[in-house]
Amino acid sequence: MIKKNTIDLDFDREHIWHPYTSMTKSIPVYPVTHANHNIIYLETGEQLIDGMASWWSAIHGYNHPVINNAMIEQINNMSHIMFGGITHNSAVELCKKIVNITPPSLTKVFLADSGSVSVEVAIKMALQYWLSQGITTKQKLMTPYKGYHGDTFAAMSVCDPVNSMHSLYSGFLPEHVFVPAPVSKFGSEFNQAEAQELEAYFKANHSQVAAFIIEPIVQNAGGMNFYHPDYLACVRKLCTHYNVLLICDEIATGFGRTGKLFAVEHANIEPDIMCIGKALTGGSMTLSATITSDKIAIGISEGEAGVLMHGPTFMGNPLACAAACASIDLLLKQNWQQRIKQINTQLQQLHKCSELNAVANVRTLGAIGVVELNEAAGNVDVAKIQAYFVEQGVWIRPFGKLIYLMPPYISDDTSIKTLCDAIYNAINNKHY
Ligand SMILES: *Cc1c(COP(=O)(O)O)cnc(C)c1O
């Protein structure tokens, strides 16, 4: 029996920031006592079927005994130890796994503490690499509109300028080169005009551009755009031709979510630098990694600085590494491709929403399902729709015009059906 404390919601409202919220016009937060498998338990007694996997991370659901046991074992040895001048088995074993499962040219692993930080590290690697080659003009990044790479400043500077409110920080934020967001959709024809347009941007800007950064195949927080693999393949070709490094941000897409272990595999390409995070620990601990090639790592190490100038206090945190090892093993020892296919089959039920007037588009890829409302319907009232979803016994958190699902991989058919029905009913009954 889990002991139920009374969660002090008044204190929470008065003193605690939640993601992207106002401190004065707060919207309700739901008090959670515990979570197990794909069920979230509220203090008020409701049991919610999880449709979010805690923002792409909890791929094996919650409270997984294998991950828990790996963490308990690690706690009994040490929860943390500094990584400067010290190493330990959890980090070494994890990095072996990461090198094994990521594209073959990626061999050098930098462990960091969150997705945003791994993006900062990736950007630093790219800048330091060109400096090490004696090239001082490459100080900008190139990236498509509608991207999302995190909330720290360098990461934010390559997010969609409108979504991340660049206007608030103009004069402080570095300005980069934005190219049109990918238009051709995954599963449809690739429009060659996009390739020509991209080439024009490379031609005009390559001498100042250190790296092109992109979320492979799925632009997530910037609009859940599932785009054509040829766009990514084209970016890879242009990067190589114009001496621009390619950074692929797999923080959301990694670990099977799109149907491939990493989304770059849809385009059969290898980036020069790759960021992973979110599902890396199965959602149990915060951990990320930036992985790069021998070429970049050697370049940086033989440059003027002689080292990569980054080293977080909690770098290589043993507890997070132990959780990540367990999570990766859990994923790889099951037929995860089949699991993702099965979830995708179930997510097809969302297409029923297409018959509703408020719906502009329904799309799925791997274990991701998206219902996009049209202009007339407008943005979702998050507080209103969440209250309805909680009543329906599901946990779904939409943003803008997007109501979407990325359930834990352990979700059974009935759970997915309940999630899809809840979305249909919410729209049909105008609870948004
Ligand atoms: C979530 C996310 C990040 C940021 O990760 P945090 O752990 O929240 O800092 C970066 N890039 C992508 C693609 C993400 O989805």
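Below, all heavy atoms of this structure are taken into account, side chains as well, without hydrogens, waters or symmetry copies.
Side chains of D12 and H18: a donor-acceptor N/O pair is present below 3.5 angstrom, by distance only. Between Q219 and N225, the side chains place a donor N or O and an acceptor N or O closer than 3.5 Å (distance only, hydrogens not considered). In the model, N36 has a side-chain atom that pairs as donor or acceptor with a side-chain atom of N63 under 3.5 Å. Side chain to side chain, T143 and H176 fail the donor-acceptor criterion of an N or O pair below 3.5 Å. Side chains of E302 and S132: no donor on one and acceptor on the other come within 3.5 Å. S157 and Y169 share no side-chain donor-acceptor pair at under 3.5 Å.
Judged as a ring-ring contact (aromatic ring centres under 6.0 Å, His included), the pairs with a partner in residues 93-130 (not counting sequence neighbours) are, in order, F110-H310.
Taken to the nearest 0.5 Å, the CD1 atom of I368 stands 4.0 Å off from the CH2 atom of W56. The distance from atom CD1 of I343 to atom CZ of R257, rounded to the nearest 0.5 Å, is 7.0 Å. In this structure, SG in C275 is found 7.5 Å from CD1 in I291, a value given to the nearest 0.5 Å. The distance from atom CD1 of I251 to atom CD1 of I276, rounded to the nearest 0.5 Å, is 9.0 Å. The distance from the CD atom of Q208 to the CD atom of Q139 is 9.5 Å, given to the nearest 0.5 Å.
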Exercise for review: Apply the test side-chain hydrogen bond (donor to acceptor under 3.5 Å, both in side chains) to residues D381 and Y388: give CA-CA distance (whole Å), side-chain angles for both, the deciding distance (0.1 Å), then the verdict.
Suggested key: CA-CA 11 Å; D381 177 338; Y388 178 75; over 6 Å; no
**Study point:** Test side chain to side chain contact (heavy atoms under 4.5 Å, CB included) applied to F255 and L331, step by step
**Key:** CA-CA 8 Å; F255 301 99; L331 181 66; 4.0 Å; yes
Point to revise | Criterion ring-ring contact (aromatic ring centres under 6.0 Å, His included) on Y404 and F399, from CA distance to verdict | key: CA-CA 9 Å; Y404 62 106; F399 68 86; 5.4 Å; yes
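Listed for the Q348 side chain is no donor-acceptor partner under 3.5 Å among the backbone atoms of T345. Side-chain atoms of E197 do not come within 3.5 Å of backbone N or O of P180 as any donor-acceptor pair. Side-chain N or O atoms of K146 include none that pairs as donor or acceptor with a backbone N or O of D160 at under 3.5 Å. With hydrogens and angles disregarded, no donor-acceptor distance shorter than 3.5 Å links the side chain of K140 to the backbone of N205. E250 places a side-chain N or O within donor-acceptor distance of the main-chain N or O of A263, the cut-off being under 3.5 Å. Judged by distance alone, the side chain of D151 and the main-chain N or O of M156 form no donor-acceptor pair under 3.5 Å. In terms of modelled atom types and a separation under 3.5 Å, the side chain of E304 and the main chain of L131 share no donor-acceptor contact.
The aromatic ring centroids of H206 and F202 lie 6.0 Å or more from each other.
Ion pairing between D272 and R236 holds under the 4.0 Å rule for side-chain N and carboxylate O.
Shown here are the ring pair (Phe, Tyr, Trp, His ring centres under 6.0 Å) partners of Y227, two or more places apart in sequence or in another chain: Y231. Remark: F172 pairs with F153 by the ring pair (Phe, Tyr, Trp, His ring centres under 6.0 Å) rule, at least two apart or across chains.
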